[in-house]
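Read the structure below first, then the notes.
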Amino acid sequence: FTQNTIDSEGLVDNYISTVYVDSLQRIWIGSYMGGLFRFIPETENFISYSPPDLINSKFKNEIHVVTIAENKDNMLLIGTESNGLLLFDPEKESFADHPKNAELLSNMIMGFQYDVDGKLWISTSRGLSKFDAEENTLYNFTNSDGIESEGFYRNSIHDYPDGRIYVGSNAGLTFFNPAEVKVNPHI
């Protein structure tokens with residue numbers, strides 16, 4: 001499939017930044033200029049969920065999707081290049097800011113990965129953040145915390161079966177065991 005700006009059931013952008021299959025086996029496509037799409041394999045059609053196409057969306061600008069994941073509430077987490085971390089409710093077809101968006105180091109999300117304890121690690125253009133949904137806390141980490149670089153690359157974060165998380169950056173590879181990361185709650 002290639003870009004098709006005429007057909008309303010087509011893909012309107014060739015720059016595909018991520019593909020994600022959710023827990024209901026729905027295929028989600030994130031594109032740089034076209035936003036969020038769902039691919040329907042049976043009909044080979046795309047459904048656009050870009051904000052201008054949604055009446056109930058407060059986002060009127062394009063969403064440059066970098067990465068997609070799903071939380072335990074079956075909401076999609078959308079990492080964007082300029083709108084930070086968004087939540088998308090597939091049932092209501094609506095976007096919302098993540099409640100901790102303002103606390104992130106940057107609105108430029110490069111990737112995210114859940115650890116074995118269900119904490120979300122978010123790589124940004126300015127460092128790494130850890131979000132704990134149960135505690136509703138967000139902790140930020142920069143090179144002053146021992147991270148090799150604050151300039152992480154798109155979709156270059158991944159976990160390993162032993163629990164470690166690996167993150168690629170412009171200074172090489174940062175890896176750590178989330179269970180061993182200590183946070184200072186007084187900062």
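All residue numbers in this chain count up from 1 along the given sequence.
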Should D117 and K119 count as an ion pair when the cut-off is N to O under 4.0 Å?
-> no

Quick one: do W28 and V21 satisfy side chain to side chain contact (heavy atoms under 4.5 Å, CB included)? Show the steps, please.
-> CA-CA 6 Å; W28 298 94; V21 179; over 6 Å; no

Candidate pair N155 and T18, rule side-chain hydrogen bond (donor to acceptor under 3.5 Å, both in side chains), full reasoning | CA-CA 8 Å; N155 293 312; T18 189; 4.7 Å; no

Paired with W121, the ring-ring contact (aromatic ring centres under 6.0 Å, His included) test is passed by just one of Y139, F176, Y114, F152, namely F176

Verify side-chain hydrogen bond (donor to acceptor under 3.5 Å, both in side chains) between N140 and S129, making sure each step is shown before the conclusion.
-> CA-CA 4 Å; N140 292 312; S129 300; 2.5 Å; yes

Any chance the side chains of Y166 and Q113 put a donor and an acceptor closer than 3.5 Å?
-> no

Full working for side chain to side chain contact (heavy atoms under 4.5 Å, CB included) between L85 and I78 = CA-CA 6 Å; L85 188 59; I78 311 293; over 6 Å; no

Report the distance from atom CG of L86 to atom CG of N101, rounding to the nearest 0.5 Å.
-> 6.5 Å

If you take all heavy atoms of F131 and L138, which pair is closest and at what distance?
-> CB-CD1, 3.8 Å

Count the heavy atoms belonging to other residues, nucleotides or ligands that lie under 6.0 Å from CZ of R126, then report whether that count exceeds 12.
-> no

Without swapping roles, check the side chain of D97 against the backbone of P99 for a donor-acceptor pair under 3.5 Å.
-> no

Report the C-alpha separation of L87 and N71 in whole Å, then their side-chain angles, then the decisive distance to 0.1 Å, and conclude whether the side chain to side chain contact (heavy atoms under 4.5 Å, CB included) test is met.
-> CA-CA 9 Å; L87 293 170; N71 68 16; 4.1 Å; yes

Atom of I27, atom of P41 and distance for their closest heavy-atom approach | CD1-CG, 3.8 Å

Considering only NZ, NE, NH1 and NH2 on the basic side and carboxylate oxygens on the acidic side, decide whether E91 and R26 come within less than 4.0 Å.
-> yes

Could you tell me whether a side-chain N or O of S17 sits under 3.5 Å from a main-chain N or O of V65, the two making a donor and an acceptor?
-> yes

Got a sec: does the CZ of F175 have more than 12 other heavy atoms crowding it under 6.0 Å?
-> no

ring-ring contact (aromatic ring centres under 6.0 Å, His included) with Y49: which of F37, F88, F39?
-> F88

Measure from the side-chain N and O atoms of N83 to the backbone N and O of T80, and report whether any donor-acceptor pair falls under 3.5 Å.
-> no

Begin with the C-alpha distance, continue with both residues' side-chain angles, and end with the deciding distance and a verdict on side chain to side chain contact (heavy atoms under 4.5 Å, CB included) for E70 and S23.
-> CA-CA 8 Å; E70 185 176 13; S23 60; 2.8 Å; yes

